[in-house]
Every structure is written in C-alpha cells, then in structure tokens.
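Everything quoted here is computed from the prediction, not taken from an experiment. Lettering follows sequence order; numbering is per chain, from 1.
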There are 2 protein chains.
Amino acid sequence: METLSIYPGRGIHGQVVEAIGRRIVSGKEAPGSTLDLDALEITYDVSKTVVREALKVLAAKGLVDARPKRGTFVRSRSQWSLLDPDLLRWQFEEPSGSGLLDDLYEVRIIVEPAGARLAALRRTEEEVESLAAALAAVDEQADAEAIIEADLAFHRQLLEASHNELLIRMEYIIEIGLRARDVLVHTEGHRDDFLPPHQAVLDAVRRADPDGAERAMRQLLEQAAKDEQQIKNRGGK
Amino acid sequence: METLSIYPGRGIHGQVVEAIGRRIVSGKEAPGSTLDLDALEITYDVSKTVVREALKVLAAKGLVDARPKRGTFVRSRSQWSLLDPDLLRWQFEEPSGSGLLDDLYEVRIIVEPAGARLAALRRTEEEVESLAAALAAVDEQADAEAIIEADLAFHRQLLEASHNELLIRMEYIIEIGLRARDVLVHTEGHRDDFLPPHQAVLDAVRRADPDGAERAMRQLLEQAAKDEQQIKNRGGK
DNA sequence: TATTCATTTCTTATGAATTATTATTGACCC
DNA sequence: GGGTCAATAATAATTCATAAGAAATGAATA
C-alpha cells in the first residue's frame with residue numbers, strides 16, 4: 001500500500017512539520033494564538049529556514065497564517081484543510097479524535113453504497129477480476145493487520161471502479177481513518193461474517209446490478225457497524 | 001464568503017506556488033519529469049529560497065517529490081491531494097477540468113441529499129432560522145453572481161446543520177467547483193424555478209423530516225441538472 | 001481627522017556547509 | 001566468469017547564518 005503522506009519521517013523538516021502540526025491539531029496550540037518563531041527554532045533545535053519552511057507547509061494546509069507585523073498565528077479549526085491526508089492522520093491518531101471517526105462512519109455509509117452503484121454501472125471486466133482477486137486475498141491473510149489491509153484494498157478497488165476521481169479520493173480518506181482506529185473488527189471469530197456480504201457486493205457488481213450493489217454495500221456496512229458495536233460493548237465492560 | 005485558499009496573491013511566494021502548481025495540474029509539466037530548480041529561479045526571477053519554499057508547499061499538496069541525488073520531480077496524478085482546495089481550484093479553472101466537474105455533480109447528488117437528511121435530524125432552531133434567512137437573501141440579490149453566492153451559502157449552511165465535519169468540508173469542495181464553472185444557471189428566467197425546491201428542503205428540515213429533506217434535495221439537484229443541461233444545449237447550438 | 005513615521009515582524013535573498021541518497025567501483029565469494 | 005556485497009565518490013537537496021527588503025500597525029504629530 002502506498003501512502004499519500006509526503007513526510008515518511010525523512011529529514012528534519014518533515015519532523016518539525018509533523019510536530020508543530022500535531023500540536024495544533026491536538027489543541028495544544030490554541031487557535032488565534034501566535035507562534036513564536038524564535039522559540040520554535042530553539043525548541044526543535046533547527047534554523048530559521050527549517051522553521052519557516054515548516055510553517056509554509058502548515059500554511060498550505062490551512063493550519064496557520066503568517067501576517068507581517070501581526071505574527072504567525074494558528075487559524076481556527078474551520079479554516080483547516082481537514083481533508084488533507086496528513087491532517088486527517090494526525091486527527092485520527094489523537095485520542096480525542098473519536099468524534100471525527102463517528103463522522104467518518106457516517107460518510108462511509110453515504111459514499112460507499114453510492115460508489116458501489118456507480119462501480120456496477122461502469123466497471124470493466126478487468127476490474128471485476130481484480131476485485132475478485134482482492135476478495136480472495138483477504139482469505140489468505142493470517143494476521144489481523146493484513147486482513148484489514150486486504151479489506152481496505154477491496155473497498156478501494158471497488159471505488160476505483162466507479163471511475164469517479166473525487167469518490168476515489170474520499171475512499172482514501174476513509175481508509176486513513178479506518179487504518180488509524182484501534183478497534184480491530186476482523187478477529188478470527190468474525191471471518192465467517194466477513195466473506196458473504198463482500199461476495200454479495202462483488203456479485204452485484206459483476207452482473208452490473210447497481211441497485212443490488214448499493215443494497216449489498218449498505219448491508220455490509222451496517223453489519224460491520226453492528227459487529228464493531230458488539231466488540232466495543234464487550235471491551236467496555 | 002471566506003476562501004479556504006491560503007494565497008490571496010499576496011507576496012511573491014504565493015505567485016510562484018500557484019504558477020508552478022497550475023503548470024503541473026494542467027499537464028504542462030509531465031508526471032515523472034524533473035524540475036530544474038535553477039531554471040525556475042530564472043523563470044520566475046526569484047531567489048532559491050522562494051523556489052524551494054514554493055516546492056515545499058507543492059510537496060505538501062503531493063504534487064512534487066524532492067529526493068537527494070535524483071532531483072525534484074512531478075508526481076503522478078494519483079498521488080496528488082486532489083481534495084486540497086487550491087488544487088481543486090486550479091483543476092476546475094483549467095479548460096480541461098470538465099471531467100472533474102462531472103465527477104463533482106455526481107458527488108453532489110450523493111452527498112447533499114444525505115447531508116439534508118442529517119440536517120433534518122440534528123439542526124438547531126437557530127440553524128433553521130439562519131437557513132430561512134439565507135433562502136430569503138437569495139431573492140434580494142440583483143446580479144447573477146450574487147445569487148450564486150447566496151445559493152451556495154444556503155447549501156453550505158444546510159450541510160453545516162448536519163453537524164458532520166467531513167460532510168461540511170465536502171460541501172466546501174463542491175462550492176469550489178460550482179463557483180469555478182462558467183455556466184450560470186441562475187439567470188432571470190429561472191428565478192421562479194429556484195425558490196420552490198429550496199423552500200421544500202427548508203420546510204422538511206424545519207419539521208425534522210429526514211426522508212422529506214433527502215427527497216426534496218434530490219429533486220432540487222435533479223431539476224438544477226436538467227435546467228443546466230437545457231442551457232448547455234441552447235448555448236451549444 | 002488625516003498624515004507621517006518608527007517599530008515590529010514577516011519576506012526575500014545569498015552563499016556556504018552539511019547531509020542523504022545513489023551510482024560506481026572494486027573486492028570478495030560462489 | 002558471474003554475481004553479491006561493501007566501501008567510495010558524486011550529486012543534489014537540505015540546512016544554516018546572516019542581512020537587506022517590504023508591509024502593516026499604532027503612536028505621534030500636524
């Protein structure tokens with residue numbers, strides 16, 4: 001799986017971007033507060049250049065705004081480019097990011113069934129085959145993490161078959177959130193529950209049945225939500 | 001209306017970001033090709049600092065990737081952060097961006113009815129009132145551009161009432177696309193067609209009727225699509 | 001009230017030192 | 001002789017230190 005993130009921890013610059021970015025996202029730097037460039041320089045033990053390039057990147061993500069005389073200050077949350085992959089990752093990895101995760105589930109149940117519908121209408125034969133292969137690959141995985149990745153790959157390929165670039169990107173966003181969550185739905189016990197709904201989606205897509213694909217995907221997600229709720233309740237006791 | 005864009009043309013830096021960004025988005029810089037930093041320095045008549053800060057920003061948007069020894073090169077389109085507000089604006093303002101606009105309409109008819117449903121479930125009394133005010137404001141506008149802005153404001157406020165942060169951001173994206181398109185649906189003749197469907201959405205939201213809100217929004221969008229198609233056909237002849 | 005002016009802070013600039021990655025080379029086993 | 005591996009050199013980005021420039025604010029002044 002290729003990540004969309006640009007900073008694989010390589011170089012000092014990326015680390016500073018991520019450190020400051022996470023501080024802002026987590027609320028440690030309050031919106032409206034001004035950032036002290038000299039202080040950052042000392043805190044992260046880097047030169048002005050690095051600090052200011054990092055702030056430029058954060059400005060590109062809408063997190064900060066630099067104005068002459070007024071200083072560089074943190075923008076309010078509503079101004080952030082919340083759909084930026086890095087920003088999403090930082091958010092979801094925050095302990096307080098569960099609210100956004102709920103939002104994500106809602107978006108998922110809106111987007112994915114619609115995507116399945118379009119996929120059923122537009123998929124090529126090759127895409128049906130690779131979808132089938134992706135589904136088969138889930139069964140071959142051993143550990144939970146690999147299963148999750150394979151599952152995500154299936155959903156990603158399905159949305160790609162919708163041939164709608166914006167939907168595909170939204171699926172990437174959904175992936176980031178699902179990957180960041182701690183709850184692992186795919187335990188051994190649930191493997192039997194997993195395959196049939198996915199197979200149903202695949203079948204509908206294969207026979208180019210938009211209504212069926214949409215319905216099957218909705219059922220799949222509702223079932224998954226139910227399973228997860230069960231696990232959460234069990235774990236919460 | 002506040003833009004999410006970070007570069008209001010202020011400063012040389014932003015201009016270089018936009019210039020190079022647009023070249024890449026438009027395909028003038030082929031994916032995989034390496035960018036010559038010295039050449040850019042000369043082309044835009046700025047120093048190394050500006051060029052490299054601009055490239056850092058573009059890297060944050062996933063457009064380029066800089067590697068020691070290999071150079072700075074353009075990433076493939078699939079790696080771009082397509083949902084970035086700036087990137088979307090550049091795309092939509094390209095003549096060749098009509099494919100993405102079609103995608104956008106599809107997303108809109110997926111997201112907005114679902115958003116209307118959630119809004120009906122969660123809106124506060126204050127939100128109903130400001131929605132009503134937003135709709136009333138549309139009627140007061142004189143020129144086409146102002147009407148469009150007022151219309152967008154209505155849709156934006158509706159999605160905000162869904163209280164789902166991700167949906168709200170998607171609406172921002174939709175806005176960017178709609179604002180960039182050249183076709184102006186809201187000509188004088190269509191004003192009568194405009195109000196009733198919007199009123200229907202508002203009424204459903206007011207009486208907390210999710211099914212009604214979803215249906216009304218879907219009808220609104222389908223009607224709008226039909227109108228636009230008509231205009232396009234008329235203009236095309 | 002309007003204008004000027006000094007201050008503050010970001011912005012741009014420059015060039016050199018540093019670091020990281022890759023390609024090359026040569027040595028060493030198979 | 002062919003292939004793998006490690007040391008090396010070349011290359012380009014990265015980082016750094018410093019300084020001059022531009023812009024906005026707010027106070028002092030007319």
Here the distance between atom P of C:dT14 and atom CG of B:Asp45, to the nearest Å, is 9 Å
Q: Look at the side chain of B:Thr49 against the base of C:dA13 and say whether a donor-acceptor pair falls under 3.5 Å; ignore hydrogens and angles.
A: yes
Here the distance between atom P of D:dG21 and atom CZ of A:Arg52, to the nearest Å, is 17 Å
**Prompt:** Hey, are B:Arg22 and B:Glu94 close enough for a salt bridge, meaning a charged N less than 4.0 Å from a carboxylate O?
**Reply:** no
Whole-Å distance, A:Lys48 NZ to C:dC10 C1', equals 11 Å
The nucleotide from D:dC16, C:dC10, D:dT18 with an atom nearest the side chain of A:Ala66 is C:dC10
Are A:Asp38 and A:Lys48 close enough for a salt bridge, meaning some N to O gap below 4.0 Å?
-> yes
Between CG of A:Asp36 and C1' of C:dC10 the distance, given in whole Å, is 13 Å
B/S/- along nucleotides 4-9 of chain C (protein heavy atoms under 4.0 Å) is ----BB
Atom NE2 of A:His13 and atom C1' of D:dT14 are separated, to the nearest Å, by 10 Å
### Message
Does atom CZ (B:Arg70) have a neighbourhood of more than 12 heavy atoms from anything else shown, all under 6.0 Å?
### Response
no
Practice problem: May I have the step-by-step check of side-chain hydrogen bond (donor to acceptor under 3.5 Å, both in side chains) for A:Glu171 and A:His155, ending in yes or no? | Solution: CA-CA 8 Å; A:Glu171 181 64 19; A:His155 286 265; 4.8 Å; no
Would you call A:Arg122 and A:Glu127 a salt bridge, using N to O less than 4.0 angstrom? no
Taken to the nearest whole Å, CG/B:Leu55 to P/D:dT15 is 14 Å
Here the gap from B:Ile24 atom CD1 to B:Leu87 atom CG, rounded to the nearest 0.5 Å, amounts to 9.0 Å
Atom CZ of A:Phe73 and atom C1' of D:dA24 are separated, to the nearest Å, by 12 Å
Rounded to whole Å, NZ of A:Lys56 lies from P of C:dC10 at a distance of 11 Å
The ring pair (Phe, Tyr, Trp, His ring centres under 6.0 Å) partners of B:Phe154 (sequence neighbours excluded) come to B:His198
Per-helix bend value, the helix from C:dT1-D:dA30 to C:dC30-D:dG1, C1' rotation axes over five pairs per end, 10° rounding, shows 10°
Side chains of A:Leu100 and A:Leu82: closer than 4.5 Å at any heavy-atom pair?
yes
Value for CG (A:Leu159) from CD1 (A:Ile174), rounded to nearest 0.5 Å, stands at 6.5 Å
